[in-house]
Amino acid sequence: MKLKTALKYSDVTSEHTYMNRRALLAGMVGAGVLGATGARAQDKPEFKINGFDTTETPNTFEEITTYNNFYEFGTDKGDPAKYASALTTDPWSVEIDGLVERPGSYGLGDILSKMDIDERIYRFRCVEAWSMVIPWNGFELRQLLQLAGIQSKAKYVRFETLYRPEEMRGQQRPLLDWPYVEGLRLDEAMHPLTLMATGLYGKELPNQNGAPLRLVVPWKYGFKSIKSVVKITLTDKQPVNTWKAINHREYGFYSNVNPEVSHPRWTQSSERRIGGGVFAKRIETVKFNGYEEQVADLYKGMDLTVQY
Ligand SMILES: Nc1nc2c(c(=O)[nH]1)N[C@H]1C(S)=C(S)[C@@H](COP(=O)(O)O)O[C@H]1N2
Ligand SMILES: [Mo]
């Protein structure tokens, strides 16, 4: 495993120091963003994307690992933290098949030995209108797809989560149509922002966050970021993703963060930043979750109110 970033969590002594060093690097301290009022209390999120990283203060490890959506372990936000330790994540392999040159079962250790592990401080926006800032570790999905070799007819990538009801107690009930499935268009999958996360805060990925390997697509609603991936299929047909299959009026295939397209049951124009406290004001939701400059080109000519 090769670590590319100069500043890693393991370089510093505490989460507090870590965040302040990140802020210093981002030039935020001088601007007073870390002052008493804090970015979380402001109406407009104040941030820049420097390279890959947002300049906002990351949520704490505690927040990121105790407020989760992972229906394989139950539907309450606290269920994954309570029950996901039952999941065996070693050994782990990923079946890569479909329109690839080298289909087969790829062991996780083998994959990791070939990937460049980076740190990415990403904004994360759930379709339920809450958000966090998460310091992930991981590698770009395109590196893995290139390892398998992409055939020229491939247009989409389909992902599948593990199905193991003995260890994933939520799968013993028909909460969703198991296994959880997600998909991306190939150009979205090849975008350098699209990450396969293997850790957070420089630590191994906790089970509740989708260990040992989960997708992270920061400009899309959180449900696209499928957890505990065991299968990746390149295909020429748009995959049917789990949430769209359940309710296609409420959840689409693209699922790009878009404040102009409301969910049928609530607005998507603002969000609640986790950790802000009960009195914190909601912050404005921004198009493509703040990554418009990086990804808008992927959707040129598309009507995003129709292809939501
Ligand atoms: N397999 C699987 N992946 C999943 C989910 C799930 O229930 N099962 N929930 C999704 C939703 S709705 C969100 S918001 C994010 C939550 O990721 P986090 O718990 O790491 O913040 O995971 C996504 N990936
Ligand atoms: Mo979500």
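Because only heavy atoms are used, hydrogens play no part in the values below, and waters and symmetry mates are left out as well, while side chains stay in. Order of appearance sets the numbers: ligands from 1, and atoms from 1 within every ligand.
When heavy-atom distances to ligand 1 are checked against 4.0 Å, the residues falling inside are N68, N69, F70, Y71, E72, F124, C126, W130, T161, Y180, N209, R214, G222, F223, S225, I226, K227, ordered by chain and number.
Cation-pi geometry between K203 and F61 is met: the NZ or CZ atom falls under 6.0 Å from the ring centre, inside 45° of the normal. Stacking of K224 on the aromatic ring of Y254 is not recorded, the 6.0 Å distance cut-off and the 45° axial limit not both being met. Cation-pi contact between R185 and Y156: absent, since separation from the ring centre below 6.0 Å together with deviation from the ring axis within 45° is not met.
In this structure, R158 pairs ionically with E160, as a charged nitrogen and a carboxylate oxygen lie closer than 4.0 Å.
E101 pairs by the side chain to side chain donor-acceptor pair (under 3.5 Å) definition with nothing, not counting sequence neighbours.
Using cut-offs of 30° and 60° for the angle between ring planes, the Y221 and F223 rings count as parallel.
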